[in-house]
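Since the structure comes first, as structure tokens, the remarks are kept for the end.
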Amino acid sequence: MVGKSAGGVEEGGTAAAAAVRRWVEAGGGRLVMDGGLATELEASGADLNDPLWSAKCLLSSPHLIRKVHLDYLEAGANIIITASYQATIQGFESKGFSKEQSEELLTKSVEIACEAREMFLKEHSDRPMQHPILVAASIGSYGAYLADGSEYSGDYGEAGTLQFLKDFHRQRLEVLAEAGPDLIAFETIPNKLEAQAYVELLEECNINIPAWFSFNSKDGVHIVSGDSLIECATIANACSKVGAVGINCTPPRFIHGLILSIRKVTDKPILIYPNSGERYDAEKKEWVESTGVSDGDFVSYVNEWCKDGAVLIGGCCRTTPNTIKAISRSLNQRHSVPHLPVA
């Protein structure tokens with residue numbers, strides 16, 4: 001299967017890192033990623049108390065997803081991530097949808113993001129874009145589908161076999177790649193085994209769209225399963241289909257050391273999109289307020305992350321368009337790159 005890239009990326013697995021570097025160079029040396037999707041959907045009135053989480057809005061309120069994408073683009077994001085993190089064929093089928101309907105919903109997640117991009121570009125057609133605007137199709141872990149907190153532990157019990165994970169993710173990966181994103185985002189990878197499953201799937205399915213691998217850590221050294229981050233980054237580095245490696249949904253205070261660890265084993269572009277630093281209560285399925293950092297404190301880390309080597313920077317859970325606006329301003333001031341004015 002050959003993926004279709006909306007961004008006109010040179011096809012071929014060996015071109016993945018080169019494609020990401022070209023985008024980064026076109027952005028003046030740094031690209032801004034978006035922030036928390038579910039955070040903003042809930043702020044807009046969506047009820048996400050459901051195993052599908054933000055993917056529930058693909059069924060009930062796609063207009064809200066489009067609005068959040070647009071809000072992040074207006075805030076200065078160059079990369080928007082689709083509402084497919086917790087969207088799986090198995091999850092939709094459990095809600096009574098057919099396999100074909102489930103695949104259509106996955107495709108819809110990419111279409112909504114692409115529509116938001118087109119609306120943004122049309123709205124600002126009188127101003128030349130200095131930076132690329134990219135769509136990344138999100139693939140969450142098996143634990144995200146389970147919605148039992150195991151995406152924050154990496155403990156899948158008896159289901160944690162390489163073949164099982166490959167079988168679980170295969171069709172979703174193929175459908176999302178065919179939908180035409182610029183990137184495939186493997187997010188919040190909680191264990192080494194799932195990273196290996198993704199690598200093998202990218203090869204077996206002949207995915208010719210650049211992918212990124214993003215792990216999450218709870219101690220600044222290991223990923224959440226206890227597996228070595230260096231070992232996980234080495235797996236990502238060895239895959240020619242992976243164009244960037246990094247960290248997401250991790251407290252900002254850990255990022256400096258994690259970037260340095262990743263740099264020991266790869267020269268691929270590094271991406272960083274931490275959460276707000278708040279603690280997630282897996283039993284109550286909610287974030288514990290007043291345990292995170294302010295937007296100002298969050299952005300105070302950005303210069304350090306850039307010095308460490310990160311070139312794609314954004315936010316994850318509990319970050320907002322205000323966070324991304326502040327990151328965009330900070331990076332623009334740092335590099336003095338002309339950019340679309342931020343309101």
Side-chain angles (χ1 to χ4, degrees), residues 33 35-39 51 53-54 81 85-86 88 138-162 164-165 168-169 185-199 211-237 242 244-266 270-288 291-293 298 301 305 310 314-319:
M33 306 167 69
L37 176 64
T39 301
W53 199 37
S54 56
I81 303 174
Y85 174 77
Q86 223 151 348
T88 65
S138 173
I139 293 182
S141 67
Y142 175 63
Y145 155 75
L146 293 176
D148 62 356
S150 58
E151 66 188 299
Y152 300 107
S153 70
D155 182 3
Y156 297 158
E158 294 181 0
T161 68
L162 184 66
F164 176 87
L165 292 173
F168 177 82
H169 288 295
F186 293 97
E187 302 190 276
T188 325
I189 305 173
N191 58 50
K192 184 167 64 173
L193 186 68
E194 199 150 22
Q196 185 61 45
Y198 291 150
V199 164
W212 81 54
F213 277 24
S214 185
F215 301 92
N216 58 333
S217 171
K218 59 185 176 183
D219 63 4
V221 177
H222 306 88
I223 64 172
V224 294
S225 63
D227 291 334
S228 162
L229 172 63
I230 290 179
E231 291 180 8
C232 293
T234 299
I235 289 172
N237 182 64
V242 176
V245 185
I247 299 293
N248 77 294
C249 214
T250 295
R253 67 183 182 276
F254 292 142
I255 298 301
H256 168 70
L258 294 168
I259 295 175
L260 298 184
S261 293
I262 293 171
R263 286 188 63 189
K264 291 178 181 178
V265 294
T266 187
I270 294 177
L271 56 92
I272 297 297
Y273 51 121
N275 58 35
S276 67
E278 293 173 67
R279 180 173 59 84
Y280 183 73
D281 187 323
E283 292 186 3
K284 294 182 178 179
K285 298 185 185 299
E286 62 184 28
W287 292 89
V288 179
T291 58
V293 297
F298 187 102
Y301 288 99
W305 298 338
C316 197
C317 295
R318 308 294 283 180
T319 62

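No experiment lies behind these values; they were computed from the predicted model shown.
- Shown here are the ring pair (Phe, Tyr, Trp, His ring centres under 6.0 Å) partners of Y142, two or more places apart in sequence or in another chain: Y145, Y156, F164, F168.
- Looking only at atom types and distance, the side chain of S141 has no donor-acceptor partner in the side chain of E151 under 3.5 Å away.
- A search for side chain to side chain donor-acceptor pair (under 3.5 Å) contacts involving T88 returns nothing, not counting sequence neighbours.
- By the side chain to side chain donor-acceptor pair (under 3.5 Å) test, S54 pairs with no residue at all, sequence neighbours left out.
- Residues Y301 and I255 fail the side-chain proximity criterion, which asks for heavy atoms closer than 4.5 Å.
- Considering only heavy atoms from C-beta on, R263 comes within 4.5 Å of I270 through its side chain.
- Scanning all heavy atoms of the two residues, the minimum distance from G154 to V224 falls at N-CG2, 4.3 Å.
- Judged by distance alone, the side chains of N191 and S225 never bring a donor and an acceptor atom under 3.5 Å apart.
- Scanning for side chain to side chain donor-acceptor pair (under 3.5 Å) contacts around S261 gives an empty result, with sequence neighbours left out.
- Of all non-hydrogen atoms in G140 and Y198, the two that sit nearest each other are O-OH, 3.4 Å.
- Side-chain atoms of N248 and M33, non-hydrogen and from C-beta on, never get closer than 4.5 Å to each other.
- Looking at residues two or more places apart in sequence or on another chain, you find a side chain to side chain contact (heavy atoms under 4.5 Å, CB included) between A197 and L162, L165, K166.
- Contact check for N216 versus I247: no side-chain heavy atoms found under the 4.5 Å cut-off.
- Annotation: salt bridge (charged side-chain N to carboxylate O under 4.0 Å, His left out) contacts of K218 (sequence neighbours excluded): none.
- Listed by chain and residue number, nothing satisfies the side chain to side chain donor-acceptor pair (under 3.5 Å) test with Q86 (two or more places apart in sequence, or in another chain).
- The closest side-chain heavy-atom distance from L229 to I262 is below 4.5 Å.
- Rounded to the nearest 0.5 Å, atoms CD1 (I81) and SG (C316) are 7.5 Å apart.
- Taking both residues in full, the closest heavy atoms of F215 and A195 are given as CE2-CB, 3.9 Å, listed atom of the first, atom of the second, then distance.
- For the residue pair I223 and C232, the shortest heavy atom distance occurs at CD1-SG, 3.4 Å.
- Between C249 and C317 the shortest heavy-atom distance is SG-SG, 3.7 Å.
- For V265, the side chain to side chain contact (heavy atoms under 4.5 Å, CB included) partners are I230, A233, T234, not counting sequence neighbours.
- Here S217 pairs with D219, T250, L258 under the side chain to side chain contact (heavy atoms under 4.5 Å, CB included) rule; sequence neighbours left out.
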- Task: Apply side-chain contact (heavy atoms from CB on, under 4.5 Å) to Y273 and T319, showing your working.
- Result: CA-CA 10 Å; Y273 51 121; T319 62; over 6 Å; no
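- For the pair W305/P274, a side-chain contact is recorded, criterion being any heavy-atom separation below 4.5 Å from C-beta on.
- Identified under the salt bridge (Lys or Arg N to Asp or Glu O under 4.0 Å) test for residues 226-237, with sequence neighbours left out: K192-E231.
- Contact detail for W53 and A38: the closest heavy-atom pair is CZ2-CB, 3.3 Å.
- Partners of A236 by side chain to side chain contact (heavy atoms under 4.5 Å, CB included), not counting sequence neighbours, listed by chain and number: F213, V242, V245.
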